[in-house]
Amino acid sequence: MKKLAEVYAQSWKEVRHVRSLTTAAMFMAVSVVLGYFTIEAGPYLKIGFGSVANEFVYYLFGPVLGVVYGCLLDLVKFVAKPTGAFFPGFTMVTMLAALIYGTFFYRRTLTFSRVLAVTLCVDLICNVFLNTWCLSILYGKGISVLIGPRFVKNIVMWPVDSFLFYIIAKKLEDFGLVRAIRRFGSPGKA
């Protein structure tokens, strides 16, 4: 429990630094741009790669800045490219996903098994169950109608998303870019 408190305390310090916020804002811009290349496989099913940029923010700056980032990102993406009605439930789910990613990635060794486990957790809890529940409320469709295709999409994309983030993160670490971003983003530790 003490380690978890340290993770949140360190992440809180990230929120107080302008450089951390500007670095996160740059990742937000990348995520918004990648959002324009989302494949819509139906009205309730989308496949996109903007999550890779988001996971970097959670990995680099932790759960506290991640939750703030997730909230703002959801609002910015809705304003930039609305794809339906605004529903605050989606913003809350995005914030929960940021909290989960940030808690398990921040200041920890990045292993493929960790990425797989956390991504599966977020996919099942946030994407399959909670987002499906939000869609059900928003559009009046039964959860049983929506959950099947969403479950299949998330299970298929789970290893793809995990592998993509892990490979990119490891290559950026090998090139020293993760250390440089951390050093630029937060004045304290590298």
Side-chain angles (χ1 to χ4, degrees), residues 1-35 38 46 48-83 86-110 114-135 137-138 154 158 161-162 164-166 168-169 178 181-182 184-189:
M1 194 63 157
K2 186 178 178 184
K3 275 193 162 191
L4 193 60
E6 288 175 19
V7 165
Y8 285 91
Q10 286 294 322
S11 183
W12 172 249
K13 289 178 184 177
E14 302 281 3
V15 176
R16 298 185 356 220
H17 295 293
V18 173
R19 291 190 294 184
S20 299
L21 297 174
T22 55
T23 304
M26 288 187 277
F27 277 106
M28 188 179 294
V30 170
S31 180
V32 169
V33 169
L34 288 174
T38 299
K46 299 175 192 167
F49 298 101
S51 63
V52 173
N54 304 339
E55 289 174 31
F56 271 105
V57 171
Y58 313 141
Y59 171 56
L60 294 170
F61 303 116
V64 178
L65 181 57
V67 167
V68 173
Y69 171 87
C71 177
L72 292 174
L73 176 67
D74 192 65
L75 298 173
V76 167
K77 279 189 170 182
F78 178 77
V79 170
K81 184 182 176 191
T83 57
F86 177 76
F87 185 66
F90 292 125
T91 305
M92 299 301 287
V93 173
T94 302
M95 292 167 64
L96 176 63
L99 183 73
I100 294 169
Y101 276 124
T103 300
F104 291 97
F105 282 166
Y106 185 60
R107 303 260 183 217
R108 301 203 178 169
T109 304
L110 195 65
R114 179 184 300 274
V115 173
L116 275 173
V118 174
T119 305
L120 180 63
C121 180
V122 169
D123 281 351
L124 292 178
I125 293 170
C126 297
N127 298 346
V128 174
F129 294 113
L130 293 176
N131 276 342
T132 303
W133 180 56
C134 290
L135 285 169
I137 292 169
L138 188 61
N154 279 280
W158 163 53
D161 290 340
S162 299
L164 193 61
F165 172 70
Y166 179 75
I168 293 172
V178 169
I181 291 170
R182 277 196 177 132
F184 171 78
S186 56
K189 293 182 179 179

Side-chain donor or acceptor of Ser31 paired with backbone N/O of Phe27 under 3.5 Å | no
Going by heavy atoms in the side chains, are Tyr59 and Val178 under 4.5 Å from each other?
-> yes
Val93 side chain reached by Phe129 side chain, heavy atoms, under 4.5 Å | no
d(Ile125 CD1, Leu120 CG) to nearest 0.5 Å is 9.0 Å
Those residues that, when tested against Val7, pass side chain to side chain contact (heavy atoms under 4.5 Å, CB included) (two or more places apart) | Pro63, Tyr106, Arg108
For the residue pair Lys81 and Gly35, what are the closest heavy atoms and their distance?
-> NZ-O, 3.6 Å
Looking only at heavy atoms, which two atoms of Gly70 and Met95 are closest? And how far apart?
-> C-CG, 4.5 Å
With a 6.0 Å cut-off on ring centres, are Phe165 and Phe105 close enough?
-> yes
Would you call Thr91 and Phe86 a side-chain contact if the rule is heavy atoms closer than 4.5 Å?
-> yes
Least distance between heavy atoms, Ser162 atom then Val115 atom = O-CG1, 3.5 Å
Side chain to side chain contact (heavy atoms under 4.5 Å, CB included) between Phe78 and Asp74: does it pass, once the steps are laid out?
-> CA-CA 6 Å; Phe78 178 77; Asp74 192 65; 5.7 Å; no
State the CZ-CZ distance between Phe61 and Arg19, to the nearest 0.5 angstrom.
-> 10.5 Å
Considering only heavy atoms from C-beta outward, does the side chain of Leu124 approach that of Trp158 to under 4.5 Å?
-> no
From CE (Met92) to CG (Leu99), nearest 0.5 Å | 11.0 Å
Are Leu65 and Leu21 side-chain neighbours, meaning at least one heavy-atom pair lies under 4.5 Å?
-> yes
Any Tyr69 side-chain heavy atom under 4.5 Å of Tyr58 side chain = yes
How many angstroms lie between CG in Leu116 and CG in Asp161, if you round to the nearest 0.5 Å?
-> 10.5 Å
How long is the span from the SG atom in Cys126 to the CH2 atom in Trp133, to the nearest 0.5 Å?
-> 12.5 Å
To the nearest 0.5 Å, atom OG1 of Thr23 lies from atom CG of Leu60 at 8.5 Å
So do the side chains of Val32 and Val76 get within less than 4.5 Å of each other, counting heavy atoms only?
-> yes
